[in-house]
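Notes follow the structure.
Along the sequence shown, residues carry numbers from 1.
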Amino acid sequence: MRWTKRSGVVAAALALIIGMGFAPAATAAPLPVDHNFLAGIPAELANPGGSLPGSNDYGCKPSPEHPNPVVLVHGTAGSQQTNWISLVPALKNEGYCVFALTYGELSPQWPLSRIGGLGDKTISAWQLKLFVDNVLAKTGAEKVDIVGHSQGTQIPTYWAKYYGGARHIDKYVSLAPFWQGSDGDGQGRSDLIAMFADALGLPPAAVPQTDCPDCVAAPGDDDFAAAIDAPNGPYVEGITYTNIATRYDQLVTPYTSGILAGPAGIEVTNIVVQDTCSLDRSDHLSIVANQRTEAMVLNALDPQHPRPVPCLAVPPYTGA
């Protein structure tokens with residue numbers, strides 16, 4: 001057979017098609033994980049108003065191994081970037097669809113738009129509801145797993161109890177929770193923020209009057225903390241809880257306020273990080289950004305595949 005230029009092109013095309021069919025699928029390189037809580041600040045400065053790599057990818061489809069998207073809920077003065085420099089890449093590298101919002105911001109203008117957790121908490125819970133509604137709609141998932149830090153352990157409870165969120169939550173992991181005590185985040189803080197917002201001329205926010213078939217009214221005479229505790233504690237039937245606390249928490253006082261047993265029929269696991277490693281001196285910040293907590297969170301989200309939790313020195317403020 002005479003070899004022509006045309007036959008050469010055909011042969012090359014066939015070789016390409018065959019090669020594509022049998023070539024191994026390309027896999028994304030693991031994201032770097034920075035175990036330093038304070039590294040979230042330069043990440044925000046480098047990408048103002050953005051999202052950390054590995055988060056808020058609305059094209060992500062949950063896998064059979066991890067069917068629930070993970071929604072990260074930051075603490076007071078945090079944001080979707082500054083709070084999660086460690087856990088976003090750690091979760092993404094394990095195959096989870098990871099989403100993080102900024103709630104309770106005082107202004108839509110950066111940088112105030114990325115100093116969250118300062119607004120009315122009932123409105124923050126509504127923001128979380130809208131965010132998760134969108135995550136579920138885009139990913140096709142039926143439920144999410146929640147990982148919250150500090151105030152971000154309370155906001156999802158209000159959503160679960162009063163804005164119809166309970167049926168959308170599978171696992172609920174709380175870092176530095178304060179179910180029974182104080183985080184210094186009471187009425188005085190709310191009054192101070194209201195004065196600050198008024199001085200800036202910021203309009204007051206409110207939950208919109210909209211149709212919400214799953215919503216129920218919170219107890220009328222209760223403040224936010226009392227509302228999430230009503231009627232019989234903060235836990236909601238059908239949700240699996242893990243609380244992770246540190247003895248060196250300088251804001252949640254006493255630290256045991258985040259260690260609360262669940263009622264019959266609700267699975268609650270309480271972890272004090274120093275119980276398994278005296279070298280761990282993580283505080284209210286670095287509990288979010290260290291290898292030990294990372295392993296505990298992954299075990300809480302996927303208890304069928306537990307991994308060892310390393311014992312290593314974890315300093316306050318930063319992590320390790």
Side-chain angles (χ1 to χ4, degrees), residues 33-45 52 72-91 100 102-104 114-118 121 146-157 172-186 188-189 192 225 234 241-260 269-300 309-320:
V33 182
D34 193 340
H35 294 106
N36 178 0
F37 182 83
L38 300 180
I41 297 173
E44 176 63 37
L45 295 176
L52 291 169
L72 305 175
V73 190
H74 63 74
T76 302
S79 78
Q80 63 200 58
Q81 291 202 102
T82 59
N83 217 108
W84 304 114
I85 191 69
S86 300
L87 277 178
V88 160
L91 290 165
T102 301
Y103 66 87
R114 287 308 174 90
I115 305 175
L118 299 178
K121 292 180 181 179
I146 294 289
V147 178
H149 172 227
S150 190
Q151 184 189 151
T153 68
Q154 285 192 325
I155 299 301
T157 299
Y172 193 141
V173 184
S174 297
L175 307 176
F178 52 100
W179 300 126
Q180 306 169 88
S182 171
D183 72 333
D185 199 23
R189 166 248 189 215
L192 181 64
Y241 292 86
T242 302
N243 299 314
I244 303 175
T246 173
R247 292 194 181 104
Y248 301 108
D249 196 316
Q250 66 273 62
L251 295 183
V252 175
T253 54
Y255 76 90
T256 51
S257 66
I259 303 300
L260 181 65
T269 301
N270 290 306
I271 300 171
V272 178
V273 296
Q274 287 79 24
D275 286 350
T276 54
C277 182
S278 62
L279 299 176
D280 189 337
R281 298 185 67 84
S282 56
D283 68 343
H284 193 74
L285 300 183
S286 62
I287 195 172
V288 185
N290 69 79
Q291 298 170 63
R292 303 195 71 245
T293 299
E294 177 186 306
M296 294 173 187
V297 169
L298 291 171
N299 287 344
V309 178
C311 181
L312 70 158
V314 179
Y317 301 108
T318 55

Fill in: Spacing of Thr242 atom OG1 and Asn270 atom CG [to the nearest 0.5 Å]
8.5 Å
Worksheet item: Partners of Asp249 by salt bridge (Lys or Arg N to Asp or Glu O under 4.0 Å), sequence neighbours excluded?
Response: none
Worksheet item: What is the ring orientation for His149 with His284, classed by angle as parallel under 30°, tilted 30 to 60°, or perpendicular over 60°?
Response: tilted
Worksheet item: Does the side chain of Gln80 reach to within under 4.5 Å of the side chain of Leu72, using non-hydrogen atoms?
Response: no
Worksheet entry | salt bridge (Lys or Arg N to Asp or Glu O under 4.0 Å) assessment of Asp283 paired with Arg247 | CA-CA 8 Å; Asp283 68 343; Arg247 292 194 181 104; over 6 Å; no
Discussion item. Quick one, Thr76 and Leu118 - any side-chain contact, counting heavy atoms below 4.5 Å?
Written reply: yes
Discussion item. Within the structure provided, determine whether Leu279 and Cys311 are in side-chain contact (heavy-atom separation under 4.5 Å).
Written reply: yes
Fill in: Where Ala43 and Leu52 come nearest, the two heavy atoms and their spacing
CB-CD2, 3.9 Å
Worksheet entry | Partner set under salt bridge (Lys or Arg N to Asp or Glu O under 4.0 Å) for Arg114, not counting sequence neighbours | Glu44
Discussion item. For a 4.5 angstrom cut-off between non-hydrogen side-chain atoms, does Arg292 reach Cys277?
Written reply: yes
Practice prompt. Specify the closest pair of heavy atoms between Ala39 and Asp34, including all atoms of both residues, with the distance to one decimal.
Written response: CB-OD2, 3.3 Å
Worksheet item: Are Ile85 and Asn36 side-chain neighbours, meaning at least one heavy-atom pair lies under 4.5 Å?
Response: no
Practice prompt. Work out which heavy atom in Pro234 is nearest to a heavy atom in Trp179; give both atom names and the distance.
Written response: CB-CE3, 3.6 Å
Worksheet, complete the sentence: Between Ser282 and Tyr248 the two heavy atoms that sit nearest each other are O-CB, 3.5 Å
Item to complete: For Leu298, check side-chain contact (heavy atoms from CB on, under 4.5 Å) against everything at least two apart and list the hits.
Response: Leu91, Glu94, Tyr96, Glu294, Arg307
Worksheet item: Using a distance-only test with no angle check, is there a side-chain donor-acceptor pair under 3.5 angstrom linking Tyr172 and Thr153?
Response: no
Item to complete: Measure from the side-chain N and O atoms of Ser286 to the backbone N and O of Ala289, and report whether any donor-acceptor pair falls under 3.5 Å.
Response: no
Worksheet item: Once you round to the nearest 0.5 Å, how far does NE2 of His35 lie from CG of Leu312?
Response: 9.0 Å
Item to complete: Taking the side chain as every heavy atom from C-beta outward, state whether Ile271 and Asn243 have any atom pair closer than 4.5 Å.
Response: no
